[in-house]
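One structure is given here, and the rest of the page talks about it.
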Amino acid sequence: MNALPLDYDACAFSTDGRYVASAVYNRLIVKTQPFAGPHVVATAAHAIDGLQWNLASNLILCTEFGKGVVQVYDVRAEKWIRTLRCGYFKFVAAEWIGCDKVLLTLEFHMALAVFDLLKNSIVYIEIPKPIWPCAVFDGDGTHMFVVSKINGYEKLLMMSSRSLDRIIYIQDIIGPCNGLNKSPDNRFICVFNNTKLAILDFLSGNVIGSVECISLNTVSWAPNSKYLALGCSLGDIVVLDSTNEFNVEFKLSCSSFNEDYDFFVESDGVLIKTNPSKILINNVSAKICFIVWSFNCTYLSTCEVDSKFLFIWEKNRLICIVELSKKIKKMQWCPSENKLCVAYGTDLIFFWTEGQTPKLQTSPKLFDGTSLSVSNISLSFNNRDMILSNGKKYLLFTT
């Protein structure tokens, strides 16, 4: 295992896995895979607090929110190409839309701004009393949906570029709205609250499916956009099928499974396979916190709010439960391999790989000899390189 301990303020892999970008105060450092050789260093206007790569892996969005600045760095040209400074309202969020547009959210979420790098132009979209997250774009930023509350009524504004195409009254469909979620293929959008969810066609805005749930807490689209998983009360998960008019395909329930699955318990940093615990059911939380699909949609990993129990499902069949020593913080599947990584606030990382026995791996120490209590994981597209973080320090290593 090759480890590179870092003490950076931000760190992010490029979309294609070829680069890693890191920031130390106002210095941007770009390394090329395998990340041990020469690197490029650029100086930003102010301290960098966030890094994001665009889809083409050639531009880096650097946020400097403390000073109201956003900068874009071109990796191939090795220079800064854009600097955006806020006006009266400060920037509170920034993200890429496709390869060459940036969505800026202004203070108090009073307005959105879409900056086009190719045209060097910016369009402001005023949103009265928006609901956060209030906007969803398609892949190239042409079409969007925005949730707004006007005169006490919640509306879904369907827009293309600067024009308003349609106003959809959400309260007539589901009632109050808690959020939006777009399918990866840009074909569907779901709007939901804690009791009801509706799926709309992204281009027309027409409702094509709906379902009522008890205490709906989270939703998750499968990478192929075929399935939509809903995390409900008592640890239940409902999976809808887009090819079947979004009818219920199957249900996953932590309260009704049999004991035909692997059960592991962590003890003193070691995973011990044992018989399923009858006490397990009494420890299941009332709300699903995470639902994460594997890259090929064969597996799901789930956990409940403030829970130490990890559940791994093969479609509608429970195949593994792991009781970790602390509450789960983050889990991620490899981008092109059925391999799951889980961080849970210790110096250990949990790995589950298809066809293999799950294992725990100790995070390498930092230069000062201290261990990193890992709370966040980011996997590169090559499935080998990982960024581990405790929220302040970062560790880059290859498994």
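Predicted model only: the values in this text are computed from it and were never measured.
To the nearest 0.5 Å, the span separating CD on E64 from NE2 on H46 amounts to 6.5 Å. The CG atom of L51 lies 7.5 Å from the OG atom of S22; values are rounded to the nearest 0.5 Å.
Hydrophobic clustering (side-chain heavy atoms under 4.5 Å, transitive across Ile, Leu, Val, Met, Phe, Trp, Tyr) keeps I29 apart from Y25. Linking ILVMFWY residues whenever their side-chain heavy atoms come closer than 4.5 Å, directly or via other members, places L84 and V72 in the same cluster. The hydrophobic clustering, which links ILVMFWY residues whose side-chain heavy atoms are closer than 4.5 Å, places V70 and L55 apart. Under the 4.5 Å side-chain heavy-atom criterion for grouping Ile, Leu, Val, Met, Phe, Trp and Tyr, V292 is connected to L310 within one hydrophobic cluster. A continuous path of ILVMFWY side-chain contacts below 4.5 Å connects L372 to F351, so both sit in one hydrophobic cluster.
Partners of Y73 under the ring pair (Phe, Tyr, Trp, His ring centres under 6.0 Å) rule, at least two apart in sequence or in another chain, are W80. Looking at residues two or more places apart in sequence or on another chain, you find no salt bridge (Lys or Arg N to Asp or Glu O under 4.0 Å) involving K327. Residues satisfying the ring pair (Phe, Tyr, Trp, His ring centres under 6.0 Å) test with Y227, not counting sequence neighbours, are W293.
Checking N120 against D116 by side-chain atom types alone, no donor-acceptor pair falls below 3.5 Å. With hydrogens and angles left out, the side-chain atoms of S380 and D385 include no donor and acceptor closer than 3.5 Å. When only modelled atom types and interatomic distance are considered, T63 and D49 share a side-chain donor-acceptor pair under 3.5 Å. Side-chain contact, S336 with N383: a donor N or O sits under 3.5 Å from an acceptor N or O.
Taking 4.5 Å as the limit, every side-chain heavy atom of F381 sits out of range of all side-chain heavy atoms of R18. The shortest distance between side-chain heavy atoms of I81 and L117 falls below 4.5 Å. Using a 4.5 Å heavy-atom threshold, the side chains of V374 and T346 count as separate. Side-chain contact between D9 and Y394: absent, with no pair of heavy atoms (C-beta onward) separated by less than 4.5 Å. Between V20 and C11 the shortest side-chain heavy-atom distance falls below 4.5 Å. Using a 4.5 Å heavy-atom threshold, the side chains of L197 and C190 count as touching. Here the side chains of I321 and D262 are not in contact, with every heavy-atom distance at 4.5 Å or above.
Note: W352 and Y299 have perpendicular aromatic rings, judged against thresholds of 30 and 60 degrees for the angle between ring planes. Aromatic ring pairs are classed by plane angle as parallel below 30°, tilted from 30° to 60° and perpendicular above 60°; the pair W313 and F311 is parallel.
Ring centers of F246 and F188: under 6.0 Å apart, within the cut-off.
Within a 6.0 Å radius of NZ in K182, other residues, nucleotides and ligands contribute more than 12 heavy atoms. By the neighbour-count criterion of 12 heavy atoms within 6.0 Å, atom NZ of K67 is sparsely surrounded, having that number or fewer from other residues, nucleotides or ligands. More than 12 heavy atoms of other shown residues, nucleotides or ligands fall within 6.0 angstrom of atom CZ in R166.
Under the 4.0 Å criterion applied to side-chain N and carboxylate O atoms, E314 and R317 are assigned as salt-bridge partners.
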